*Asks:* 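This is the structure I have questions about; it appears just below.
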2 protein chains.
Amino acid sequence: MKHGFVKGRRVWHGGAMVSRKSSPRPAPRATAAPSSAAIQKRTRQQHAQERAEDYVEAIADLIAGSGEARATDLAKSLGVTHVTVIRTVQRLQREGLVTTQPYRSIFLTPSGRKLAAEAKARHETVAEFLESLGVPQATARADAEGIEHHVSPATIAAFRRFLATGG
Amino acid sequence: MKHGFVKGRRVWHGGAMVSRKSSPRPAPRATAAPSSAAIQKRTRQQHAQERAEDYVEAIADLIAGSGEARATDLAKSLGVTHVTVIRTVQRLQREGLVTTQPYRSIFLTPSGRKLAAEAKARHETVAEFLESLGVPQATARADAEGIEHHVSPATIAAFRRFLATGG
DNA sequence: CCAAGAATGTAGCAAAAGCTACATTGATTG
DNA sequence: CAATCAATGTAGCTTTTGCTACATTCTTGG
């Protein structure tokens with residue numbers, strides 16, 4: 001059932017070696033279950049969701065800071081060109097997270113605001129947590145940007161617990 | 001210099017309102033510097049690097065577990081189809097991280113092994129750290145998968161420190 | 001008011017990573 | 001040894017997010 005060579009020698013997988021004979025239908029093969037199970041939905045939607053959070057959070061920050069979010073400032077804030085911003089904002093509008101009109105700045109819808117608030121809260125927690133561990137502030141903030149999208153509620157809760165009990 | 005409306009009222013940015021007159025050249029505009037500075041090189045290369053690490057780590061795990069890494073098992077381990085695996089493995093081969101031949105399994109080059117080892121070490125550290133914080137093991141492992149690519153050496157060091165001093 | 005220039009928008013390209021459907025290869029089994 | 005079928009590979013599509021180059025719009029300074 002398995003085939004393959006390792007330096008010329010034939011090998012089999014994980015010792016499973018299920019008998020195809022015993023079950024007419026192939027049946028779910030007992031393949032060596034990978035240790036790091038990769039339940040990860042690493043589809044494009046995952047990245048799209050992260051982008052969406054980055055954008056709404058940046059938009060919220062810009063609005064909080066200067067009253068409006070313009071494509072150019074957003075581009076600067078996110079480190080991409082304004083073209084990319086415009087196209088991504090179009091997608092976000094399609095998804096109901098933001099509203100915008102030609103030559104006008106960008107606003108968050110209620111659900112966009114909600115998402116931004118959640119993302120920001122996670123972001124803050126992660127950053128504070130890393131700082132409390134002794135990571136330099138600049139590094140902590142930079143890492144938090146990358147990490148925030150991948151922490152489950154349970155992990156965020158653990159971070160908060162740690163901070164609360166005098167990290 | 002700035003334009004835009006907020007609920008019909010005109011607003012300006014951050015109070016900067018630089019005088020274009022005083023300096024003939026526009027000069028670096030004092031745009032409201034975004035708080036979350038986004039030094040992030042969020043280019044495609046970033047994602048490509050993460051994919052590469054995921055792949056070499058999974059390949060290393062498969063080799064460690066069953067002596068070889070085949071496209072199908074890799075696909076299962078990573079949660080994608082074998083087609084995606086084959087194409088990505090082609091890229092990795094182009095980049096000198098793996099070697100493979102038609103209808104043969106996949107091997108790591110020395111640099112691939114190095115990358116896999118680094119990724120695995122980070123992964124382990126992150127997972128152990130999360131567990132030591134009280135995050136359930138399954139969740140910790142899942143989160144570590146996502147987080148490991150975004151932790152700087154400084155943060156990893158902080159995690160190790162924490163673990164060493166009796167987390 | 002109008003010209004300059006910033007901001008915004010459009011067109012078109014590339015790369016990466018996902019997919020389905022189909023073709024080919026090769027190891028196992030009867 | 002030949003047929004079967006898993007494993008591998010190819011073709012071709014899609015979406016997302018980058019980019020450059022160019023076009024359009026709008027604000028503003030003179």
Side-chain angles (χ1 to χ4, degrees), chain A residues 1-5 10-13 17-22 24-27 29 31 40-52 54-55 68-76 78-92 94-95 100-106, chain B residues 1-5 10-13 17-29 31 40-52 54-55 68-76 78-92 94-95 100-106:
Chain A
M1 174 167 199
K2 306 293 187 180
H3 66 288
F5 294 88
R10 196 163 295 170
V11 297
W12 280 265
H13 288 258
M17 204 54 202
V18 297
S19 160
R20 182 142 47 85
K21 201 176 186 178
S22 59
R25 283 277 147 159
R29 293 171 293 109
T31 310
Q40 315 177 35
K41 283 279 191 308
R42 68 176 57 218
T43 61
R44 257 167 279 124
Q45 297 187 17
Q46 179 63 32
H47 284 309
Q49 174 66 12
E50 295 175 20
R51 281 290 128 73
D54 285 343
Y55 270 73
E68 68 172 352
R70 300 182 312 152
T72 305
D73 296 337
L74 200 45
K76 227 166 276 181
L78 294 166
V80 299
T81 65
H82 78 277
V83 184
T84 300
V85 165
I86 285 169
R87 264 230 311 268
T88 304
V89 163
Q90 284 171 351
R91 173 171 75 80
L92 298 183
R94 230 169 36 229
E95 293 169 0
T100 183
Q101 291 178 338
Y103 296 97
R104 286 287 173 272
S105 56
I106 303 150
Chain B
M1 175 167 200
K2 307 293 188 181
H3 67 287
F5 294 88
R10 196 164 295 168
V11 296
W12 281 266
H13 287 261
M17 204 50 202
V18 296
S19 160
R20 182 143 46 87
K21 202 179 189 178
S22 59
S23 56
R25 282 276 145 162
R29 292 172 294 106
T31 310
Q40 315 177 36
K41 286 279 191 277
R42 69 175 55 218
T43 61
R44 258 168 276 123
Q45 297 188 19
Q46 179 62 32
H47 284 311
Q49 174 66 13
E50 294 174 22
R51 283 288 129 72
D54 285 343
Y55 271 73
E68 67 171 354
R70 299 182 313 151
T72 305
D73 295 337
L74 201 43
K76 224 166 278 180
L78 294 166
V80 299
T81 65
H82 79 277
V83 184
T84 299
V85 165
I86 285 169
R87 264 233 310 271
T88 303
V89 163
Q90 284 171 351
R91 173 170 76 80
L92 298 183
R94 226 164 45 225
E95 295 171 358
T100 184
Q101 291 178 338
Y103 296 98
R104 285 288 172 272
S105 57
I106 302 151

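Order of the sequence lines fixes the chain letters, A, B, ..., with proteins taken first and strands second; residue numbering starts at 1 for each chain. Everything numeric here is computed off the predicted structure, so don't read it as measured data.
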*Asks:* Decide yes or no on side-chain contact (heavy atoms from CB on, under 4.5 Å) for B:V89 and B:L74, but give the supporting numbers first.
*Replies:* CA-CA 10 Å; B:V89 163; B:L74 201 43; 4.3 Å; yes
*Asks:* Could you tell me the separation between the NE2 atom of B:H47 and the P atom of C:dA17, rounded to a whole number of Å?
*Replies:* 9 Å
*Asks:* By the 4.0 Å heavy-atom rule, please label B:Q101 as base, sugar-phosphate, or nothing.
*Replies:* sugar-phosphate
*Asks:* By nearest heavy atom, map A:V85 and A:P102 onto DNA chain D; which one lands nearer the 5' end?
*Replies:* A:V85
*Asks:* Please report the distance, rounded to the nearest Å, between NE2 in A:H82 and P in C:dT10.
*Replies:* 10 Å
*Asks:* So, do B:E50 and B:Q46 sit near enough that their side-chain heavy atoms are less than 4.5 Å apart?
*Replies:* yes
*Asks:* Does D:dT8 have OP1 or OP2 sitting under 4.0 Å from an N or O in the side chain of B:T72?
*Replies:* yes
*Asks:* Just the rounded figure in Å: distance from P of C:dG18 to CD of A:Q45.
*Replies:* 13 Å
*Asks:* Would you mind reading off the distance between B:R104 atom CZ and D:dA7 atom P, rounded to a whole angstrom?
*Replies:* 15 Å
*Asks:* Rounding to a whole Å, what distance do you find between A:R94:CZ and D:dT16:C1'?
*Replies:* 10 Å
*Asks:* Look at the side-chain N and O atoms of A:Q46 and state whether any lies under 4.0 Å from the OP1 or OP2 oxygen of D:dT16.
*Replies:* no
*Asks:* Rounding to an integer number of Å, can you tell me how far A:Y103 OH sits from D:dC26 C1'?
*Replies:* 8 Å
*Asks:* Quiz question: going by heavy-atom distance under 3.5 Å, is there a donor-acceptor pair between the base of C:dA17 and the side chain of B:R87?
*Replies:* yes
*Asks:* In whole Å, what is the span from the CZ atom of A:R70 to the C1' atom of D:dC26?
*Replies:* 12 Å
*Asks:* What are the two closest non-hydrogen atoms of B:S105 and B:E68, and how far apart are they?
*Replies:* OG-OE1, 3.3 Å
*Asks:* Starting from the 5' end of DNA chain D, give me the residue, B:I86 or A:T84, whose nearest nucleotide shows up first.
*Replies:* B:I86
*Asks:* Has A:Q90 got a side-chain N or O lying under 4.0 Å from the OP1 or OP2 atom of C:dG9?
*Replies:* no
*Asks:* For C:dC19 and B:T81 - does any side-chain N or O of the residue sit under 4.0 Å from the phosphate oxygens OP1/OP2?
*Replies:* yes
*Asks:* Looking only at heavy atoms, which two atoms of B:I86 and B:A71 are closest? And how far apart?
*Replies:* CG1-CB, 4.3 Å
*Asks:* Using a cut-off of strictly less than 4.0 Å, decide whether B:R51 has a side-chain nitrogen or oxygen near OP1 or OP2 of C:dG18.
*Replies:* yes
*Asks:* Side chains of A:V80 and A:T88, heavy atoms from C-beta outward: is any pair under 4.5 Å?
*Replies:* no
*Asks:* Between atom CD in A:E50 and atom C1' in D:dT17, what is the gap in whole Å?
*Replies:* 13 Å
